[in-house]
Amino acid sequence: MRIATWNVNSLKVRLPRVEEWLAYAQPDILCMQETKLADGAFPALAFAALGYDAAHCGQGQWNGVAILSRVGLDDVVAGFTDGSEDETTEARLLWATCGGVRVGSVYVPNGRMVGSEFYEAKLAWLERLRQHLVTGCDPSGSLVVCGDFNVAPDDRDVWDPTKLHGGTHVSPAEREAVAAMREWGLVDVFRQRYSEDRLYSWWDYRAGDFHQGRGLRIDLILATRVLADRLSWALIDRFARKGKLPSDHAPLLADFE
DNA sequence: ATGGTAGCGCTGCTA
């Protein structure tokens with residue numbers, strides 16, 4: 001089973017690239033983030049034509065997460081279900097069961113500046129996600145959390161730790177929030193397979209960062225141990241960051257036997 | 001050289 005995740009940065013603009021990528025990458029499941037679409041504008045028919053069922057949680061303009069699957073799509077849940085009022089006001093979380101795997105597509109808040117209210121909200125959001133796992137999920141089951149975490153788990157995942165020190169994505173509190181999910185039972189499957197640095201999934205559009213190798217690895221597939229033990233391959237598809245109208249993120253894919 | 005681009009949507013915000 002091939003599971004992939006891709007922050008597409010506007011599905012309206014990126015649909016041709018996503019269709020092209022589905023045709024050659026052939027994922028069984030694709031989690032998308034930053035669709036920037038209302039649910040009514042989600043191009044479900046375009047994906048159905050390629051053999052994928054789809055679920056979408058959107059708000060228009062900002063955010064928006066989706067799951068495509070060609071191995072079944074059931075028990076769809078949008079947003080948190082912990083009883084708070086803002087469950088889907090920001091469309092950042094979507095769950096579905098696909099081919100026996102509980103799949104989460106997540107778009108973690110950016111945080112903007114360390115210490116800002118947005119940064120505090122980011123930490124709270126990550127803790128809320130962990131609480132969802134603790135209260136509603138089984139670490140011995142088959143589950144993946146895929147998406148743009150807006151956190152680079154360690155210094156190997158950033159192009160220059162010195163320059164980025166003090167900013168978001170690399171702060172100890174953010175990294176501890178991701179580590180807490182590993183402690184619950186999730187494995188960063190890309191890092192399980194590759195220990196090298198400079199393997200990034202996002203590059204700023206500005207200043208030629210992609211071509212200069214200035215990126216971050218912030219898109220993750222976190223899998224429970226029973227799945228991670230069956231990992232056969234993983235890849236960040238940097239080719240998809242090239243060419244006409246690319247997203248600023250590359251897709252990440254992982255194969256499970 | 002302390003810059004720069006992209007998307008949304010129409011002025012400035014978000015990333």
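Chain identifiers are assigned alphabetically (A, B, ...) following the order of the sequence lines, protein sequences preceding nucleic acid strands; residue numbering begins at 1 within each chain. A quick note: this is a predicted structure, and the numbers were derived from the prediction, not measured.
- With ring centers used as reference points, A:W95 lies under 6.0 Å from A:H132.
- Rounded to whole Å, the distance from CG on A:D219 to P on B:dA15 is 15 Å.
- Between A:K12 and A:K36 the shortest side-chain heavy-atom distance does not fall below 4.5 Å.
- Both A:W202 and A:R206 lie near DNA chain B, and the one whose nearest nucleotide falls closer to the 5' end is A:R206.
- Of the residues listed (A:R156, A:R175, A:R217), the one engaging A:D188 in a salt bridge (charged side-chain N to carboxylate O under 4.0 Å, His left out) is A:R217, and it is the only one.
- Residue A:Q212 contributes atom CD, which lies 15 Å from atom C1' of B:dT5 at whole-angstrom precision.
- Rounded to a whole angstrom, the distance from the P atom of B:dG7 to that of B:dG3 is 23 Å.
- B:dG9 and B:dT14 are spaced 14 Å apart, taking the P atom of each and rounding to whole Å.
- The side chain of A:A207 has B:dG4 as its nearest neighbour among B:dG4, B:dA15, B:dT5.
- Atom CG of A:L164 is separated from atom C1' of B:dA15 by 15 Å (rounded to the nearest Å).
- Contact check for A:Y107 versus A:W125: no side-chain heavy atoms found under the 4.5 Å cut-off.
- No side-chain heavy atom of A:L30 sits under 4.5 Å from any side-chain heavy atom of A:Y52.
- To the nearest angstrom, P of B:dG4 lies 18 Å from CG of A:D248.
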Strictly under 3.5 Å: I want the nitrogen or oxygen pairs between protein and nucleotides 1-3 of chain B, one per line.
none

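- With A:R225 contributing its side chain and A:L186 its backbone, the two residues share no donor-acceptor pair below 3.5 Å.
- Using P as the reference atom, B:dT5 and B:dC10 are 23 Å apart when rounded to the nearest Å.
- Rounded to an integer number of Å, the gap from A:N63 CG to B:dC13 P is 17 Å.
- Between A:Y205 and A:D148, the residue anchored closer to the 5' end of DNA chain B is A:Y205, taking for each the nucleotide with the nearest heavy atom.
- More than 12 heavy atoms of other residues, nucleotides or ligands sit less than 6.0 Å from atom OH of A:Y194.
- Comparing B:dC8 with B:dT2, their C1' atoms sit 27 Å apart, to the nearest whole Å.
- The side-chain heavy atoms of A:I29 and A:R2, taken from C-beta on, include no pair separated by under 4.5 Å.
- Separation of the A:W21 and A:W6 ring centroids falls under the 6.0 Å cut-off.
- Going from the C1' atom of B:dA15 to that of B:dG4 covers 14 Å, rounded to whole Å.
- Here the side chain of A:R193 pairs a donor or acceptor atom with the backbone of A:S232 at under 3.5 angstrom.
- What separates CH2 of A:W203 from P of B:dA6 is a distance of 16 Å, to the nearest Å.
- Ion pairing of A:D157 with A:R191 is present here, as a side-chain N (NZ or NE/NH1/NH2) and a carboxylate O approach within less than 4.0 Å.
- Taking every heavy atom of residues 107-123 of chain A and every atom of DNA chain B, pairs under 4.0 Å involve A:Y107, A:N110, A:R112, by number.
- A:I218 has its CD1 atom 12 Å from the P atom of B:dA15, to the nearest Å.
- Among the heavy atoms of the strands lying under 4.0 Å from A:R14 are primed sugar atoms or P, OP1, OP2 only; no base atom is included.
- Atoms CG (A:N7) and P (B:dG7) sit 12 Å apart, rounded to a whole Å.
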Please write out the pairs of protein N or O atoms and N or O atoms of nucleotides 8-11 of chain B separated by less than 3.5 Å, giving the distance to one decimal.
residue : atom : partner : partner atom : Å
B:dC8   : OP1  : A:S10   : OG           : 2.6

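- Each of A:D255, A:T5, A:L22, A:I3 was checked for a side-chain contact (heavy atoms from CB on, under 4.5 Å) with A:P27, and the lone residue meeting it is A:L22.
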